[in-house]
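The analysis underlying the following values was restricted to heavy atoms, covering all of them including side chains, and did not include hydrogens, waters or symmetry mates.
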Amino acid sequence: MLTAEEEKLIMHTWENVVGHQEEFGAETLERMFIAYPQTKTYFPHFDLHHGSDQIRGHGKKVVNALGNAVKNLDNLSHALSELSNLHAYNLRVDPPQFALQLLSQCFQVVLAVHLGKDYTPEVHAAFDKFLSAVAAVLSEKYR
């Protein structure tokens, strides 16, 4: 999946995310809801206003889950198994509608905004590959 160099880039870049999970997560969700308003249907019970406690809390969960994946790059399936089960069996999120690809795009924008010149084309490519792998793992239970 990822080369050794890509793994290093992801782990090194992630050090800049640690400590900002809630902020980056909330910004990612808010960007997704604005750019892709159809994704709001997955959160009918959320207060979707800027800065709401629900967006901040869920955003933090999302980024923490990605952090868990970063720590377990060698075994994403195991690291994300519980989350995959939750989405497939409990939440029953329809995989074609699954917002992870849209969320991934928004997360990369957040990284680019906050990391500036440190978010190089190589980092972008590595994160794109990583986030695609995460999406694939989370969709496995639907097959």
Which atom names give the shortest non-hydrogen contact between Lys40 and Phe33, and what distance separates them? CE-O, 3.5 Å
For the residue pair Leu103 and Leu131, establish whether any side-chain heavy-atom pair is separated by less than 4.5 Å. no
Joint hydrophobic cluster, Phe24 plus Val109, side-chain heavy atoms closer than 4.5 Å: no
Applying side chain to side chain contact (heavy atoms under 4.5 Å, CB included), run through Leu111 and Val17 and close with a yes or a no. CA-CA 8 Å; Leu111 288 177; Val17 175; 3.7 Å; yes
More than 12 heavy atoms of other groups within 6.0 Å of Asp53 CG: no
Using the salt bridge (charged side-chain N to carboxylate O under 4.0 Å, His left out) rule, collect all pairs that involve residues 125-138, keeping only residues at least two apart or in two chains. Glu6-Lys129
Heavy-atom check, side chain of Thr120 versus side chain of Leu115, under 4.5 Å: no
Within the structure provided, determine whether Phe127 and Ser104 are in side-chain contact (heavy-atom separation under 4.5 Å). no
Is the shortest side-chain heavy-atom distance between Phe43 and Ile55 below 4.5 Å? no
Applying the 4.5 Å side-chain criterion to the ILVMFWY set and letting contacts propagate, would Val113 and Met32 be lumped into a single cluster? no
Can you confirm whether Phe130 sits close enough to Glu7 that some side-chain heavy atom of one is under 4.5 Å from a side-chain heavy atom of the other? no
Do any N or O atoms from the side chain of Gln54 and from the backbone of Ser52 form a donor-acceptor pair under 3.5 angstrom? no
Backbone of Gln38 reached by a side-chain donor or acceptor of Thr41 within 3.5 Å: yes
Could you give all pairs that pass the salt bridge (charged side-chain N to carboxylate O under 4.0 Å, His left out) test and reach residues 11-38, with sequence neighbours left out? Glu22-Arg56, Glu27-Arg31
Could you give me the CA-CA distance, side-chain angles and deciding distance for Asp118 and Val123, then say whether side chain to side chain contact (heavy atoms under 4.5 Å, CB included) is met? CA-CA 8 Å; Asp118 292 332; Val123 170; over 6 Å; no
Report all side-chain donor-acceptor pairs from residues 59-69 shorter than 3.5 Å, counting only partners two or more places apart or in another chain.
| unit_1 | atom_1 | unit_2 | atom_2 | d |
| --- | --- | --- | --- | --- |
| Asn64 | ND2 | Lys60 | O | 3.4 |
| Asn68 | OD1 | Asn72 | ND2 | 3.1 |
| Asn68 | ND2 | Ala79 | O | 3.1 |

State, with a plain yes or no, whether a side-chain heavy atom of His20 is found less than 4.5 Å away from one of His114. no
Check the pair Leu73 / Met11 against side chain to side chain contact (heavy atoms under 4.5 Å, CB included), numbers first and verdict last. CA-CA 9 Å; Leu73 289 172; Met11 289 186 282; 4.1 Å; yes
Check against side chain to side chain contact (heavy atoms under 4.5 Å, CB included), Leu2 and Ile10: CA-CA 10 Å; Leu2 295 167; Ile10 289 167; 3.6 Å; yes
Hydrophobic clustering (ILVMFWY, side-chain heavy atoms < 4.5 Å, transitive) - are Val18 and Phe107 grouped together? yes
